[in-house]
Colleague: 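Below you'll find the structure I mean.
Counting starts at 1 for both ligands and their atoms, following the listed order.
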Amino acid sequence: MSRRDEIAANLAVVKDRIAAACADAGRDPGEVRLVVVTKYFPASDVRLLADLGVTDVGENRHQEAEAKAAECADLDLTWHFIGGLQSNKAAAVAAYADVVESVDRAKLVAPLARPGRPIDVLLQVSLDPPGREGRAGADPADLAALAAKVAETEPLQMRGLMAVAPLGADPAPAFERLAAIHRDLLVDHPGATWLSAGMSGDLEHAVRHGATHVRIGSAVLGSRPSVQ
Ligand SMILES: *Cc1c(COP(=O)(O)O)cnc(C)c1O
């Protein structure tokens with residue numbers, strides 16, 4: 001089987017899963033955007049994805065993402081940055097990313113704001129218990145202030161929230177909590193309708209709880225090299 005055939009077959013399975021989850025939840029599948037996470041996979045795979053109709057790709061490491069976006073600059077793709085962001089790298093990320101999903105502190109906001117780059121911003125919210133080691137994402141209590149800062153910063157577009165289900169825990173209650181946090185955010189930011197949640201293992205739970213974007217890596221591209 002060619003790499004193209006393999007990716008095409010996997011894409012079909014993932015799209016069926018999204019459609020089935022939408023049907024179960026009484027949602028229109030057109031409300032859920034598939035972001036294929038291409039980290040650790042080569043630019044040649046990104047080309048195959050674009051050719052197979054994928055419109056959105058996600059990357060989580062700046063150097064790798066920057067190189068791949070440059071190699072694929074001729075493709076009409078929306079690039080999502082979904083990884084931990086250092087404030088000294090934020091301006092460089094904003095040069096190629098169309099969507100930055102992992103904004104979790106105020107210090108990132110000013111460097112992301114580049115003239116002529118109206119980037120779509122999602123705030124990453126932590127669904128882990130406070131104090132957990134390696135916790136990524138803002139504390140839900142800090143979101144209102146962070147959202148206000150993004151909303152007042154030109155030319156950034158305050159679009160919504162992103163979250164990852166807690167490791168080793170049932171994703172359903174976590175995504176239910178995320179949906180409630182999102183409803184709170186929408187009171188002050190009615191345009192912040194995007195909710196990026198769900199990965200290869202838990203996309204059904206995320207769709208049930210209102211995800212508008214799912215970030216799928218291994219279910220489309222196969223397992224990543226174990227040295228991460
Ligand atoms: C790697 C990654 C994904 C994709 O994970 P899979 O389990 O391979 O689908 C989604 N979101 C984030 C933030 C990631 O880093």
Colleague: Does a side chain donor of either Ser196 or Arg215 reach within less than 3.5 Å of an acceptor in the other side chain?
Modeller: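 A donor-acceptor contact under 3.5 Å links the two side chains.
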Colleague: Provide the number and element of each atom of ligand 1 under 4.0 Å from a heavy atom of Gly217.
Modeller: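 This gives 4 (C), 6 (P), 8 (O), 9 (O) as the contact atoms.
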Colleague: Is it true that atom CG of Asn88 has more than 12 heavy atoms of other residues, nucleotides or ligands lying nearer than 6.0 Å?
Modeller: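 Counting neighbours around CG of Asn88, more than 12 heavy atoms of other residues, nucleotides or ligands fall under 6.0 Å, so yes.
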Colleague: Given that the side chain starts at C-beta and the backbone is N, CA, C, O, which of these parts of Lys39 lies under 4.0 Å from ligand 1, counting heavy atoms, or is it both or neither?
Modeller: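 Near ligand 1, Lys39 shows its side chain, while the N, CA, C and O stay back.
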Colleague: Against heavy atoms of Arg215, which atoms of ligand 1 measure under 4.0 Å?
Modeller: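 Result: 4 (C), 9 (O), 10 (C), 11 (N), 12 (C), 13 (C).
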Colleague: Which ligand 1 atoms does Ile216 reach within 4.0 Å, using its non-hydrogen atoms?
Modeller: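 By the 4.0 Å cutoff, the relevant atoms are 9 (O).
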Colleague: Walk me through whether Ile82 and Ser102 qualify under side-chain contact (heavy atoms from CB on, under 4.5 Å).
Modeller: CA-CA 5 Å; Ile82 62 172; Ser102 42; 5.5 Å; no
Colleague: Taking only heavy atoms of Ser218 into account, list the atoms of ligand 1 that are under 4.0 Å away from them.
Modeller: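 In order of numbering, the contacting atoms are 6 (P), 7 (O), 8 (O), 9 (O).
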Colleague: Consider ligand 1: state whether an atom of it lies below 4.0 angstrom from any non-hydrogen atom of Arg224.
Modeller: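 Judged by the 4.0 Å heavy-atom criterion, Arg224 does count as contacting ligand 1.
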Colleague: In terms of relative ring orientation, are Tyr96 and Phe81 parallel, tilted or perpendicular, with 30° and 60° separating the classes?
Modeller: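 Perpendicular, since the angle between the ring planes exceeds 60°.
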Colleague: Measure the distance from atom 10 (C) of ligand 1 to every protein heavy atom, then report the residue, atom name and distance (to 0.1 Å) of the closest one.
Modeller: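 Of the protein heavy atoms, Met199 SD, 3.2 Å lies nearest.
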Colleague: Could you tell me if the side chain of Arg3 sits less than 4.5 Å from the side chain of Asp45, heavy atoms only?
Modeller: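 Yes, their side chains come closer than 4.5 Å.
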Colleague: Does Val220 reach the side chain of Leu49, with side-chain heavy atoms less than 4.5 Å apart?
Modeller: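 Yes; the side chains approach each other to less than 4.5 Å.
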Colleague: For atom 12 (C) of ligand 1, what is the closest protein heavy atom, and at what distance to 0.1 Å?
Modeller: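 For this ligand atom, the closest protein heavy atom is Ile82 CD1, 3.5 Å.
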Colleague: Quick test: of every protein heavy atom, which one is nearest to atom 6 (P) of ligand 1, and how far off is it to 0.1 Å?
Modeller: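 Of every protein heavy atom, Ser200 OG, 3.5 Å lies nearest to atom 6 (P) of ligand 1.
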Colleague: For the aromatic rings, using the six-membered ring if either is Trp, is the centroid distance between His182 and Phe175 under 6.0 Å?
Modeller: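 No - the distance between ring centres of His182 and Phe175 does not fall below the 6.0 Å cut-off.
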